[in-house]
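Scroll down for the structure; my scribbles are underneath it.
Nothing here was measured: the structure is a model prediction, and the numbers come from that model. Hydrogens, waters and symmetry mates play no part in the numbers below; they use all other heavy atoms, side chains included.
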Amino acid sequence: MTSQVKLEALCSVENEGVHCYILQLDNFTMLIDCGWTEKFNEADLDRLKEVAPSIQAVLLSYPDLLHLGAYVYAYSKLGLTCPCYATEAVHVMGQFFMYDAFESVYNSREFGLFSVEDISEAFKNIEAIKYSQTVTLPSGVSFSAMAAGRMIGGSLWKIIKDGEELLYAVDYNHRSDHLLQKTTLDTVSRPSIFITDTTCASTKQVKSADVERDFCNNLRTTLRRGGDVLVLGDTAGRSLDVLLVLDAFAQEDGLSTYNFVFFSSCADVVVDGARKLVDFVKGAADLRLKKVQVVKTYEKISEIAGPKVVLTSMSGLETGPSRRLFKDICSIPNNTIIFIDRPHVGTLGRDVWNMTKNSSTFMMEVFCRVELEGEELEEYNRRIREEEEERNQASREDDEDNDEANGENDADDMGSDSDNDPSDDEEEGEEEQDNAIENDSKAKSDGVARTSSKGRRRHIGGRAGKKRARMNPSYAFTTHHQTWDDYGLVVDMSRYKLKELAQVDENHTGEEEDEEEEDTVLPGLLSHAFKDTPTKVVKDEEASQKVTLLCQVLRADFEGRTNSESMRRIVTNIKPRHIVLVGGEEQPTKLFAEYCEKELPDLKEGAVVIATEGKRINVTSERSIQQVKLRDTLVSALTVSKADDYDVSWVDGILVDGQKGMAELEAETEPGVHDVVFVGDLQLSKFRTFLTERGFHARFVLGPLVVDDVVLITKNQHGFQVEGVVCDTYYKVRDLLYNQFAIA
């Protein structure tokens, strides 16, 4: 059976946009990737707001913002609380990306789209899986992750529904690097639908050794002329591979006087976390940095004197410390700025990345978060006190209402008891004895208990006018039960342990195991304890000024994506039946589509589709099918035969309009007669073995299969032909041949 498959791009699919796609398989809707940009523009998610509650599963491919940046906001604010799946490495490193992005934007503007707590809760909803682990959902959809390269835990997704195999592969890397192995995309063959991006459809292949050599030469040249180098990367993705190159370069002779820094708000835990993801990292031991310093604050960077190389995150230069570093460096001719990946379209970083010449002047506004002082702090504290008083007043009113309701219930209960209980006079007669008991209890109890007892007596007396039934004093008593088995008394050996050994056991109980387990799940968990003191975002007037770009701006191709030549080779090898192109610029995308149509002769007309934003396209492999619902009266009258893993039957019916827009098929009152249909395929060699196992003498004679020298079986383009002498052997062989097929 073939499923109806539809795809819709929720965000921009042009100009290297973010990745966020709706995939609909029949009535099952899933979201593949949930990206955003470092601008966090809420208007970009208008379409996601509409469909988020209807999504039934989410797959995340990479840990960076372009693939999961909007997931936290969608989970906490849009109702995207369905199951979410990603590799363990994406689950870990994705949190570092989100924490770093949040701190950068939080310190640059008033930000309320999500909080640190929202990040933590959203990632708790993600189920971590391993490569090649198959997950089957109740709807019949199954999927598994394959290694994509490029970033730690990066995934391709193989999705299967009713025999329809989809392969989602974006931003993959066909080459291994210092940290990761290459993608396993070459192992896939003949998927029904191949969804891929064309971001690198026009990129020429450059050797990795040449890229690293040019990168190191540019660093050396800038440092020796007394300049600083700002390397703009990401939080925990491609920057890790550059970090290894940088650390190896810093160990060369003659560079010991220079400083090399890895700078981000969570730089230390990023390195430690990557080192512990041994299942995803090729050379985890190489991440023990020898020369590169790890710095988390802008103030620490300012204290490092002399020529230095700083690798930092947020290459878009919209928020965060990278924007301040750019302002400090860009106006000095001896300095150099190097981009290791292309920034997102519409950011300051992309504008600088596209500049072909220097001496460009633009206004740089820098914002920072400061603590409230003076009248602002007093006004804030006054407002907090008023809100606290309002909450306390509301709480007191609720408590009084509850006390009155409970008092009325007690009065009703005791009133009914006094009407029905003939022993009221006896209880009144025993009042003196009760008082004596209460006085004795008061002497032994604390002040809170006395207050509670008096308050209860006044409350009951005021409401019902009767004393409670006599309650005898009770004392604590513990019954020790001894356990016996078939061999006698069970001895508790812990009672006979030496004191020193007992203390050692207590010191090594579950706490350390829990800490070790937690550290395995999330290495070096971030402790982003934002200050409780009130703050606000203000414009830094000293830092905000017109700047002129006088430094050198370079690109180093460390983005870890494939290239146009490799894309064409891969798509030719895997031979997909249908291709859906997403992302990338318009002209390279059209050229790649034309190549696929020309070089893949098995593709049918219209089998290559280019996705557009906001339009749900039908990418079903079989375009001539239509889904219908069979009515119960028709299903009960069917004769079902088995064909491999499927049940097949001939159906005669009448199409009628059904509910929810799906046509229904009802039974005909007088079904017609049809020719017998044989469903399945059979090889004569396998049928020969089948006959031999049942005692027949079967052999091939110049092509046809001869059975017991009386039956001749031939196979042609129309099917099988059975000839021979009319005898018991003929009918037995014919019946055995028919049984190999599903007959409808």
Side-chain angles (χ1 to χ4, degrees), residues 18-20 30-38 40 45 48 52 55-106 111-131 133 135 143 145 151-155 157 234-237 240 264-277 279-281 313-314 514-530:
V18 298
H19 294 281
C20 186
M30 65 192 316
L31 183 70
I32 306 182
D33 287 333
C34 190
W36 216 353
T37 68
E38 62 182 75
F40 294 106
L45 306 181
L48 181 59
I55 295 174
Q56 297 165 273
V58 180
L59 305 180
L60 300 177
S61 304
Y62 295 89
D64 61 337
L65 296 182
L66 295 181
H67 294 85
L68 58 71
Y71 175 69
V72 174
Y73 175 73
Y75 177 85
S76 59
K77 300 298 191 298
L78 304 184
L80 187 67
T81 56
C82 60
C84 180
Y85 301 89
T87 61
E88 181 185 356
V90 171
H91 179 253
V92 173
M93 308 307 279
Q95 294 183 66
F96 300 151
F97 268 98
M98 293 306 301
Y99 279 121
D100 188 33
F102 174 81
E103 184 160 335
S104 296
V105 69
Y106 176 80
F111 186 75
L113 296 180
F114 56 86
S115 64
V116 175
E117 291 76 14
D118 293 334
I119 297 175
S120 178
E121 290 299 321
F123 275 85
K124 287 179 182 179
N125 186 57
I126 297 178
E127 181 177 342
I129 64 175
K130 298 180 179 180
Y131 287 142
Q133 175 185 344
V135 179
F143 55 85
M151 293 186 184
I152 297 180
S155 307
W157 293 103
D234 54 26
T235 303
L240 293 174
S264 75
S265 61
C266 51
D268 54 343
V269 291
V270 166
V271 176
D272 185 60
R275 190 185 301 122
K276 294 182 179 180
L277 293 170
D279 293 339
F280 300 89
V281 178
S313 58
M314 309 303 289
D514 294 342
E515 291 177 359
E516 181 179 358
E517 182 179 358
E518 182 179 358
D519 189 58
T520 302
V521 176
L522 184 56
L525 183 64
L526 291 175
S527 57
H528 280 262
F530 292 94

* Asked: Lys77 side chain to Phe114 main-chain N or O, any donor-acceptor pair under 3.5 Å?
  -> no
* To do: Check whether any side-chain N or O of Ser155 sits under 3.5 Å from a backbone N or O of Gly153 as a donor-acceptor pair, and report yes or no.
  => yes
* Can you name the closest pair of heavy atoms from Ala122 and Tyr71 and give their distance? -> O-CE2, 3.5 Å
* Structure fact -> So OG1 of Thr37 and CG of Leu66: to nearest 0.5 Å the spacing works out to 8.0 Å
* Scan side-chain atoms only and decide if Ser264 and Asp100 contain a donor-acceptor pair under the 3.5 Å cut-off. => no
* Structure fact -> Separation between CD (Glu88) and NZ (Lys130), nearest 0.5 Å, reads 8.0 Å
* Asked: So which heavy atom on Leu113 is nearest to which on Phe40, and how close?
  -> CD1-O, 3.6 Å
* Working to the nearest 0.5 Å, report the span between CG of Leu277 and CD1 of Ile152. => 6.0 Å
* Structure fact -> Distance col, row Thr87:OG1 vs Met93:CE, nearest 0.5 angstrom, shows 10.5 Å
* Structure fact -> Closest non-hydrogen contact found for Thr235 with Cys266 is CG2-SG, 3.9 Å
* For the student: nearest non-hydrogen atoms of Leu60 and His67, plus distance -> CD2-O, 4.0 Å
* Should the pair Phe143 and Trp157 be assigned to parallel (<30°), tilted (30 to 60°) or perpendicular (>60°) ring geometry? -> perpendicular
* Please tell me if the side chains of Met151 and Pro63 come closer than 4.5 Å, counting only heavy atoms from C-beta onward. => yes
* Structure fact -> Here the pair of heavy atoms bringing Ala274 nearest to Val281 is O-CG2, 3.4 Å
* Shortest non-hydrogen contact from Leu48 to Cys34? -> CD2-SG, 3.9 Å
* To do: To the nearest 0.5 angstrom, please state how far the CG atom of Asp64 sits from the OG atom of Ser313.
  => 12.5 Å
* Asked: Does a side-chain heavy-atom distance below 4.5 Å link Val90 with Ser61?
  -> no
* Classify the angle between the aromatic ring planes of Tyr73 and Trp36 as parallel (below 30°), tilted (30 to 60°) or perpendicular (above 60°). => tilted
* Partners of Phe97 by ring pair (Phe, Tyr, Trp, His ring centres under 6.0 Å), sequence neighbours excluded? -> none
* What is the distance from atom CG of Leu68 to atom NE2 of His19, rounded to the nearest 0.5 Å? -> 12.0 Å
* **Phe123 ring center near Tyr75 ring center (under 6.0 Å)** => no
* Within the distance-only criterion (no hydrogens, no angle test), does the side chain of Asp118 pair as donor or acceptor with the backbone N or O of Val72 below 3.5 angstrom? -> no
